[in-house]
Amino acid sequence: MSAGTLDLLSGLNEGQRAAVTAPDGPVLVLAGPGSGKTRVLTHRIAYLIRERGIHPSAIMAVTFTNKAAGEMKARVEKILDDKLKGLQVGTFHAICARLLRRESEHTPQRADFLIYDTDDQQSLINQALTELNLDSKKYKPRSLLNTISGAKNELIGPREFVGQGYLGEVTSRVYSRYQELLITNNARDFDDLLMDTAILFRDTAQVREKYQRFYEYLLVDEFQDTNAAQYVLVSLLAAPQNNVFVVGDEDQAIYAFRGADYRNVMQFRKDYPQAKVILLEQNYRSTQIILDAARGVIDQNTHRTPKALFTDRRGGSPITVFEAYSDQEEAEYVVSIVEQQRKRQGMDYRDFAIMYRTNAQSRALEEAFIKEGVPYKLVGGVGFYKRREIRDLLAYLRLVNNVDDSVSFNRIINVPKRGIGKKSVEDFQSWAAKQHFTFSQALEALSNGEVSSLGNSAIKKFIEFNNLLKAWQEIAQSNDLAALLDDIIAQTHYTLHLHETSDTTDEALERDENVREFRGLLKDKVGISLSEFLEEIALVADVDTLADDMNAVTLLTLHAAKGLEYPYVFLTGLEEGILPHMRSFDEPDGMAEERRLFYVGITRAMQRVYLTYAFRRMTYGESSPGVPSRFLRDIPAGLTEGMSARLTKDIDRRSYMEETTWDKPSLPIGSSTSRSLLSPPPTPKAPAPKDNLKYRTNQNVRHAKFGEGVVIESKRSGGDEEVTVSFKSVGIKRLAASFANLQILD
DNA sequence: GGGCCGTCGCTTTTT
DNA sequence: GCGACGGCCC
């Protein structure tokens, strides 16, 4: 064995070593959290290249985010001390997009197709609904898109799609029209990237065989979060030699909502019975207490392979549980602990991560961080690319790239105002459709003086617009994207438009600033073509934007936290309806997935975990009461500090509301840990006088459909009484008293 | 054609 | 509490 091999394998445990040096053929690595799976993947690639003499370009590795891909490539290059030409590392989506462009002659879309995000999809589905004369109030675009996305992930195209009943029939029509529109717009949605590539491989032997020959070795990270399309892609690409190396952990499957199926891990064992299976159980990240807590949680899930995670890091600090009065107080608590631990333990801001179930929860946290001047970085949320001014300018860029993009066309045809109103746009579209023209053909036809059904002044305006587009396309040829943007802003008087459409000067200045930032971004893209730039920004993940070099506290969703680790981790908003999320109550396997999400959160921590929940939380702009998450009870007693006695007993919501001391002004504030808040504890407000109300807190009631439940809160709302009831079967519901017809039981 | 104002429905999670 | 959309009026 050469010195190089020793390098590659030293410091690896037995399981890791077995994985890295596994012979050709299928390999399945079942890797618990913190068991060094990234290490195994990088060392495996390095091993293939150095010890087996495989050319880097014959290796494809698939990761979950672009950030992970970049890190993986950098680590392999560091191990081998070499720049690796042709090593393909990327996300499924990015790899598929590239492939579909290269093989565009075998597909309906052209090589320069656009990638539509969720907002674009929404506009397109609305367009389809309008064309089909369907009411978007009756057929929710969101839910239609969910169904369509689900079908695509199962490789069911619009032709094969069969829906149940009338709604299914409608969905089928919408799906077909939506897909036609995507093709005429020369665009693909995220799901198409996977579906179209899988179908291309499945149906076109010539293409399939070409890539099968080209990529001799395939490695896939986070295999538990692959969907059917991805599974098919992997198996088609890996054949016939099946040098496929997959790494995953069923307990960390958290993407079922986008079609992922952790059973793919077991399916892999069935499809490749000769696969070498390696279990990685030693954890190098967390203390024993953290692992025991995590295990207490995940053991509640049935139908799983039990794992015995262990670590050499005995003991550790207990898990701290904190009950706050409000979401605001919860946020203040988090900030105060960060400051306290930073000073006492000599931690850096970058050592802390604050996690939550939904993006909306970041708001209260951000406010507290800003108030106390503690630096933080937010992952995802309402991102830069969601802002109106950025979307407008992006729509211009996209239209320059591809005039047939109807979503961008509709967005900016009259923004800023150029006198082309709704009526003119409709006339233009129906005329173009009648002539079987694409948008670009229709604009050209008007410019060439072709007779149309449009009015003369409208025709003139469309021709002017077409001339602008042509001039911009000219500039785009030079690949100077900043110059292109400058010209678009100048010709359209966009800055003036921003000031006219902003409510305050401050708002206008902020939007201006965003435009400048966008310009700066384009300025850095030297030598990159417009279509390359558009692809780059379409496929960035939220975590991809995380700045590692910045010393600040990280705020992120539990989903975004996958694959990351931090010395200190806060899991916030641990309340019924949030984690577990309300929407999971009536989904099959919903609760198990929520529990895995909680598990993923806890296992990100190296040293300490803080679990927090609030008695009251702002939702929809009003404060409503909450109940501690059931998951808190899954943590074995003895591992926590500050856990309320109320939680260690298995009590129902009703007794929680009775036993809690919040909202009862005669009693002292019943917080469970010593307070170290930056601001004094809030004074709980006395319950508002509940005159004329039929229902009262703690009353037992029965609903015709939901069954028995307990009233959490009741209050006036409009002319009616609004009752919040926690039902045994369906959880918390908010009802209008006059319609709900609740029967009072006691 | 465009601007203003009221109503509604809504929030998981993401490439 | 906010943004999308529709109706109404100039």
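Since we're looking at a predicted model, the values are computed, not measured. Lettering of chains follows the sequences in order, A, B, ..., and the numbering in each one begins at 1.
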Closest approach to the side chain of [X], judged atom by atom: which nucleotide of [options] is it?
X	options	value
A:Thr557	B:dT11, B:dT14, C:dC2	B:dT14
A:Ser424	B:dT15, B:dT11, B:dG1	B:dG1
A:Thr118	B:dT13, B:dT15, B:dG2	B:dT15
A:Lys417	B:dG2, B:dT13, B:dT11	B:dG2

Do the charged groups of [X] and [Y] touch, with an N to O distance under 4.0 Å?
X	Y	value
A:Glu464	A:Arg418	no
A:Glu593	A:Arg596	yes
A:Glu222	A:Lys37	yes
A:Asp120	A:Arg398	yes

OP1 or OP2 of [N] less than 4.0 angstrom from a side-chain nitrogen or oxygen of [X], does that happen here?
X	N	answer
A:Asn66	B:dT15	no
A:Arg142	B:dT11	yes
A:Asn227	B:dT15	no
A:Asn153	B:dT15	no

Quick one: label [X] by what it contacts on the DNA or RNA (base, sugar-phosphate, nothing), any heavy atom closer than 4.0 Å.
X	answer
A:Tyr255	sugar-phosphate
A:Ser136	nothing
A:Lys140	sugar-phosphate

| message | For Watson-Crick and G-U wobble pairs within 3.5 Å on both distances, what is DNA chain B written in dot-bracket notation, | included for inter-strand pairing? | response | |||||||||......
| query | If you find the nucleotide of DNA chain B closest to A:Ala94 and the one closest to A:Arg418, which residue's nucleotide is nearer the 5' end? | reply | A:Arg418
| Whole-Å gap separating P (B:dG9) and CD (A:Gln122) |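 Distance, rounded to whole Å: 15 Å.
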Residues 91-98 of chain A side chain polar contacts: donor-acceptor under 3.5 Å, at least two apart:
| from | atom 1 | to | atom 2 | distance (Å) |
| --- | --- | --- | --- | --- |
| A:Thr91 | OG1 | A:Ala94 | N | 3.0 |
| A:Arg98 | NH1 | A:Gln88 | OE1 | 2.5 |

